[in-house]
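Everything on this sheet refers to the single structure shown next.
Whatever order the structure lists them in is the order used to number ligands and atoms, beginning at 1. Values below: all heavy atoms of this structure, side chains included; hydrogens, waters and symmetry mates excluded.
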Amino acid sequence: MMDKLQQERLVVAIAAQTAAEVMLEQTIDYVKSREAFGKSISQFQNTQFKIAEMATEVEMGRAFLDQLIAEHMDGQNVVTKVSMAKWKLTDIAKKIATECMQLHGGYGYMEEYEIARRFRDIQVSSIYAGTNEIMKTIIAKNLGL
Ligand SMILES: Cc1cc2nc3c(=O)[nH]c(=O)nc-3n(C[C@H](O)[C@H](O)[C@H](O)COP(=O)(O)OP(=O)(O)OC[C@H]3O[C@@H](n4cnc5c(N)ncnc54)[C@H](O)[C@@H]3O)c2cc1C
């Protein structure tokens, strides 16, 4: 049972990574199309910095996750790393949901815009499949603490 739980955590990490990538993609499209004060909001430096920060986190998350999937498929014990991926990638996805909603402005709060639902739904990712706090207790234990 404990061995199999690492697969559940891996699936949640993959879902969080994918959600972060989709939210970023949708937000890049949105900021290019929305105009305020006579120009596209993608031209504001704050928007560019936020997008750049999120793109960096998404790339780093993808690299870690790809390596983890390869190790898991190779039959290695990935309990510690999968616990790291589960808490960190769901944490990043929640932060990205918040930033993306902010960049959508008022529309981000409206059900008509997908980011509203994604913002709400991503919250559970740090709760189920073992809470993120429990992931950290596993990591600490496996580090000999
Ligand atoms: C949508 C959804 C689907 C689910 N699907 C399933 C499923 O298919 N199968 C299944 O078995 N379960 C499922 N769950 C249950 C889920 O795994 C639990 O909700 C989760 O493990 C947290 O348990 P709890 O809700 O009792 O919260 P609690 O254990 O009461 O935790 C509340 C808070 O206290 C913290 N906490 C608790 N213990 C510690 C500790 N020792 N150290 C530090 N912090 C601690 C938690 O991290 C959390 O922040 C699902 C939950 C949801 C919301």
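- Inside a 4.0 Å radius of atom 44 (N) of ligand 1 there is at least one protein heavy atom.
- A donor-acceptor pair is defined here as one N or O able to donate and one able to accept, closer than 3.5 Å; such a pair exists between the side chain of Gln6 and the backbone of Val78.
- In this structure, atom 3 (C) of ligand 1 has protein heavy atoms in its sub-4.0 angstrom surroundings.
- Among all non-hydrogen protein atoms, the one lying nearest atom 31 (O) of ligand 1 is Thr131 CG2, 4.9 Å.
- Ring geometry, Tyr30 versus Tyr113: the interplanar angle exceeds 60°, so the pair is classed perpendicular (tilted spans 30 to 60°).
- Residue, atom and distance of the protein heavy atom nearest to atom 49 (O) of ligand 1 are Glu133 OE1, 3.4 Å.
- Atom CG in Leu68 sits 8.0 Å away from atom CD1 in Ile14 (nearest 0.5 Å).
- Partner Lys50 forms a side-chain contact (heavy atoms from CB on, under 4.5 Å) with one of Thr27, Val31, Ile96, Leu103 and no other, that one being Leu103.
- Within the 4.0 Å cut-off (strictly below), no protein heavy atom is located near atom 37 (C) of ligand 1.
- Near Ile134, meaning under 4.0 Å from one of its heavy atoms, ligand 1 places the atoms 39 (C), 40 (C), 41 (N).
- Scanning the protein for heavy atoms near atom 19 (O) of ligand 1, the closest one is Ile127 CG2, 4.0 Å.
- Counting only heavy atoms, the protein gets under 4.0 Å from atom 22 (C) of ligand 1.
- The distance from atom OG of Ser83 to atom CG of Leu10, rounded to the nearest 0.5 Å, is 11.0 Å.
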| said: Run Glu53 and Thr56 through side chain to side chain contact (heavy atoms under 4.5 Å, CB included) and show every step you take. | reply: CA-CA 5 Å; Glu53 286 166 13; Thr56 305; 5.7 Å; no

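- Protein non-hydrogen atoms do reach within 4.0 Å of atom 47 (O) of ligand 1.
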| task | Could you walk me through whether Lys88 and Ile92 pass side chain to side chain contact (heavy atoms under 4.5 Å, CB included), step by step? | result | CA-CA 6 Å; Lys88 188 65 184 175; Ile92 289 173; 4.1 Å; yes

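- Considering CE of Met84 and CZ of Phe64, their distance stands at 6.5 Å, rounded to 0.5 Å.
- When distances from atom 53 (C) of ligand 1 to the protein are checked, a heavy atom turns up under 4.0 Å.
- For atom 40 (C) of ligand 1, the nearest protein heavy atom lies under 4.0 Å away.
- Residue contact check: Val124 has heavy atoms under 4.0 Å from atoms 1 (C), 53 (C) of ligand 1.
- The nearest heavy-atom contact from the protein to atom 51 (C) of ligand 1 is Tyr128 CB, 3.9 Å.
- With values rounded to the nearest 0.5 angstrom, Gln48 atom CD is found 8.0 Å from Gln43 atom CD.
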